[in-house]
There are 2 protein chains.
Amino acid sequence: MAEPLFRRIALIGIGLIGSSVARIAMERGDIAAEVVANARTEATLDRVRALGIAHRTELDAARAVEGADLVMLCAPVGAYAGLAAAIAPHLAPGAILTDVGSTKQSVIRDVGPHVPPGVHFIPAHPLAGTEHSGPDAGFATLFEGRWTLLTPPAGSDPDAVERVAELWRRCGSNVQRMDAAHHDRVLAIVSHLPHLIAFTICGTADDLEEESRQEVLRFAASGFRDFTRIAASDPVMWRDVFLNNREALLEMLARFTEDAQAMARAVRWGDADYIEDRVERGRKIRRSLIELNQA
Amino acid sequence: MAEPLFRRIALIGIGLIGSSVARIAMERGDIAAEVVANARTEATLDRVRALGIAHRTELDAARAVEGADLVMLCAPVGAYAGLAAAIAPHLAPGAILTDVGSTKQSVIRDVGPHVPPGVHFIPAHPLAGTEHSGPDAGFATLFEGRWTLLTPPAGSDPDAVERVAELWRRCGSNVQRMDAAHHDRVLAIVSHLPHLIAFTICGTADDLEEESRQEVLRFAASGFRDFTRIAASDPVMWRDVFLNNREALLEMLARFTEDAQAMARAVRWGDADYIEDRVERGRKIRRSLIELNQA
Ligand SMILES: NC(=O)c1ccc[n+]([C@@H]2O[C@H](COP(=O)([O-])OP(=O)(O)OC[C@H]3O[C@@H](n4cnc5c(N)ncnc54)[C@H](OP(=O)(O)O)[C@@H]3O)[C@@H](O)[C@H]2O)c1
Ligand SMILES: NC(=O)c1ccc[n+]([C@@H]2O[C@H](COP(=O)([O-])OP(=O)(O)OC[C@H]3O[C@@H](n4cnc5c(N)ncnc54)[C@H](OP(=O)(O)O)[C@@H]3O)[C@@H](O)[C@H]2O)c1
């Protein structure tokens, strides 16, 4: 077995993502010699102990990070500023501080100022997840064949970047470096906007008069169902994502809304060519996905 | 084997839906003693003959319906008015004229006036489909466990309604009667609006600068992919659906847009409670679907 990458890794937040990393680290042994798990509530740590997915649990984040050479924030991004302030004085010199948050500019904004000199801050985002949350929802194959994007600030220590990249490769993930602002734009269109739309259309359907609502459920297979699949996710996590990728999300939503309005106008005025053309372009994107084996 | 329901059934249009009905009728034998297939092009009829899914093919719709006791329109709904005018003089007395179109008020508007006295007009819509089209795309299990909605105008002959219902039950479908206007509203939200949104967001992504577009494809698994699954469907069929369910579709799109704008406003002004509440409602609908085994 390869030498463990880290002596001690502290997972701050141990839900779907954190507990998946914990499972992999416990199973493989070559990621960290010791896995420490922290959560907000004792109930979550009880589950972690019952599942046996960490060597040690700590309810206090500051104590959890002590002596860790890798600290990974795995809580909703809205909690990062508070967590960073709490743990900063306790981070070991030379430690790497990383995260898994779905937004990256906000993380740099909220965590960056707290990072003490000598600690390496390497933000990351594994593009993998399910609509479930909590430590029971994690599993060791979650990241297999998926992408993890690293958004290290300019001037980051190359060795620290490489160690975080290697951790994700050992989790089964492909790794790509990206500028944080670019990350937030790309994620706004591939993930955040689709989720916003999915939540919204579910709400629109839920507002229908009772009879129609029942029929929406009964006849959901006609298309609606595919939209709701991603709408079952955790409200706090998504609230935080939306609020912390505000600019890019609002821009993509504005573009989408313009396009939807143009489609509405074409429907209203019977512009058959326009509609056919737009539908054709939708298919083109879909076909590209199939060719890339992403469908 | 039960007595065939019909002596001769004429399928006007033989793509995904028509060829699925044809396959079932040919396999079961208790739906029609003779299956006649009509399409717009000889190429499609060549395929039908090669596949052996009809007893007879006819390029001329008028000739196809002659002597048939069931005529089923299976072309895009925009072609219905022209087809109805062409076949009306050739419909056998006492025949049933039905269809499979995704919109129902427009069908009654476009076909109704052409129906000769003594012919029973029983519009129907099987809620089943895939994103593929043409006679090769059909299959005999397409309608199994799915719903078919019948929207017979007031005063329709109960016996004719029952025979169409029985045809769909023999195709494996559950059958429900519904008012045509109500059908169009329900379908607008469960099917037509989701498709319009899916086509639109694919177009929005396709309009991004080249670099981001590549990354949309690469990282599609983060949510976008679920949206594109239904965006691969036939442009002409969907163009016709949108144009023929204009009022209900525009109303549902307007409701959705209002809701999306309210979400945008909450994101812009940081209204965390509003966002959480809307996300929570989205999950509720999703959970209802899971409970109903529709997910
Ligand atoms: N789910 C996805 O699909 C996905 C994908 C990629 C990245 N991410 C990112 O991964 C992170 C975690 O997501 P997840 O799905 O793993 O969430 P999760 O399953 O809901 O788990 C969140 C964890 O964070 C803890 N936590 C919550 N609020 C906290 C606070 N204010 N202070 C300290 N700890 C807190 C929770 O502790 P308690 O259980 O004690 O409350 C829990 O252990 C988020 O930043 C998210 O954006 C998620
Ligand atoms: N696809 C779905 O998911 C779905 C679900 C439920 C209901 N429907 C409804 O079912 C109907 C057929 O859809 P589909 O998916 O089976 O379509 P499809 O696979 O594209 O087949 C359409 C058939 O109609 C013929 N046709 C097209 N334009 C015509 C015209 N102007 N005049 C006469 N025939 C014409 C075509 O002939 P050629 O091949 O010779 O052009 C072809 O045989 C539509 O009304 C649609 O709304 C579809």
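Here is the naming used below: chain letters follow the sequence lines, and residue numbers restart at 1 for every chain. In this text the structure is predicted, and so the values were computed from the model without any measurement.
With B:F227 as reference, A:I230 is the one residue of A:D226, A:I285, A:I230 to meet the side-chain contact (heavy atoms from CB on, under 4.5 Å) rule. Screening A:K284, A:R255, A:R278 for a salt bridge (Lys or Arg N to Asp or Glu O under 4.0 Å) involving B:D207 leaves a single residue, A:R278.
Residues of residues 127-142 of chain B lying under 4.5 angstrom from chain A, judged on non-hydrogen atoms, are B:L127 in numerical order.
The shortest side-chain heavy-atom distance between B:T204 and A:M252 does not fall under the 4.5 Å cut-off. B:S288 is not listed as a side-chain neighbour of A:R213, based on a closest heavy-atom distance of 4.5 Å or more. Residues B:R246 and A:W269 form no side-chain contact, since every pair of their non-hydrogen atoms from C-beta on lies 4.5 Å or further apart.
Put simply, the side chain of A:R283 gets close to the backbone of B:S233: a donor and an acceptor are under 3.5 Å apart.
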Open item on the list: For A:T200 and B:D259: C-alpha separation, side-chain torsions, deciding distance, then whether side-chain hydrogen bond (donor to acceptor under 3.5 Å, both in side chains) applies.
Closed with: CA-CA 6 Å; A:T200 300; B:D259 294 346; over 6 Å; no
Task: Step-by-step salt bridge (charged side-chain N to carboxylate O under 4.0 Å, His left out) determination, A:E247 to B:R268 - done: CA-CA 8 Å; A:E247 299 306 327; B:R268 187 174 303 282; 5.2 Å; no
Open item on the list: Could you walk me through whether A:S222 and B:H192 satisfy the side-chain contact (heavy atoms from CB on, under 4.5 Å) test, starting with their C-alpha distance in whole Å, then the side-chain angles of each, then the deciding distance to 0.1 Å, before giving a yes or no?
Closed with: CA-CA 9 Å; A:S222 308; B:H192 308 168; over 6 Å; no
- [ ] Dump the intermediate steps for side-chain contact (heavy atoms from CB on, under 4.5 Å) on B:L193 and A:F224, then the final yes or no.
- [x] CA-CA 8 Å; B:L193 179 59; A:F224 185 75; over 6 Å; no
TODO: Might you work through the side-chain contact (heavy atoms from CB on, under 4.5 Å) test for A:R218 and B:L292, ending with a clear yes or no?
DONE: CA-CA 8 Å; A:R218 171 174 283 184; B:L292 283 168; over 6 Å; no
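Partners of B:C171 under the side chain to side chain contact (heavy atoms under 4.5 Å, CB included) rule, at least two apart in sequence or in another chain, are B:I24, B:I31, B:F143, B:L167, B:W168.
Each of A:F199, A:W238, A:Y274 has some count of heavy-atom pairs under 4.5 Å with chain B, and the biggest count is that of A:F199.
Remark: B:E280 does not engage A:R239 in a salt bridge, criterion side-chain N to carboxylate O under 4.0 Å.
For A:I201, the parts lying near chain B are the backbone and the side chain together; criterion is any non-hydrogen pair under 4.5 Å.
What you find for B:R225 and A:R286 is that their closest heavy atoms are O-NH1, 3.8 Å. Residues B:A264 and A:L253 approach most closely at CB-CD2, 3.4 Å, considering heavy atoms. Residue A:L243 comes nearest to B:A272 through the heavy atom pair CD1-CB, 3.9 Å, listed as atom of the first residue, atom of the second, then distance.
Atom CZ of A:R265 is surrounded by 12 or fewer heavy atoms from other residues, nucleotides or ligands within 6.0 Å.
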